[in-house]
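Order of the sequence lines fixes the chain letters, A, B, ..., with proteins taken first and strands second; residue numbering starts at 1 for each chain.
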Amino acid sequence: MAKAYWLVKSEPGVYSFDQLIRDKKTVWDHIRNFQARNNLRAMKKGDQVLYYHSQVGKAVVGIAEVAREAYPEKTSDKGDWSAVDIAAVKALKKPVTLDQVKATAALQAMQLVTHSRLSVQSVTPAEYAAILKLGS
DNA sequence: GCCAACGTTGGC
DNA sequence: GCCAACGTTGGC
């Protein structure tokens, strides 16, 4: 099956891509939004994940991949939530800013633009390729 | 720091 | 099952 593409958001003050590089991989948990959770559960091992810095930077800064598919989040005291593990792949040579995304015709339909608050988004192969091109 | 957008919750 | 109120997120 072909790889799927995703985008996750994090505030760099909380957990930056640099930190992920240092850690090699991390647990992606504390997702408290149904749509985001459903996306998490759709992830397959090896899927590529764009890493976006929200609030500070507002740019796609690196690439990660799914290291472990969704499993129940043990740390949640209530509710039915999931976590995945993601591993750092590499940083983009140049961060792709939100402004650039908005200025690129091929990326107008990205959920980053249309659903800016969603913290785990799906990305089409064409969008993924366009981001990589802008970031290289 | 403010405010708009949006998802979730809870009362009816 | 609808809808108003509330909380959270994220861009500016």
In B/S/- notation, 5' to 3', how is nucleotides 6-12 of chain C contacted by protein heavy atoms closer than 4.0 Å? -BBBBSS
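The side-chain contact (heavy atoms from CB on, under 4.5 Å) search around A:Asn38 returns none, not counting sequence neighbours.
For the residue pair A:Asp23/A:Tyr15, the side-chain donor-acceptor check at 3.5 Å is satisfied. In this model, no donor atom of one side chain and acceptor atom of the other lie less than 3.5 Å apart for A:Asp85 and A:Trp28.
With respect to A:Glu65 and A:Lys25, no salt bridge is recorded, no charged nitrogen being found less than 4.0 Å from a carboxylate O.
The salt bridge (charged side-chain N to carboxylate O under 4.0 Å, His left out) pairs that include a residue from residues 33-43 of chain A are A:Arg37-A:Asp80, A:Arg41-A:Asp80, where partners are two or more places apart or lie in different chains.
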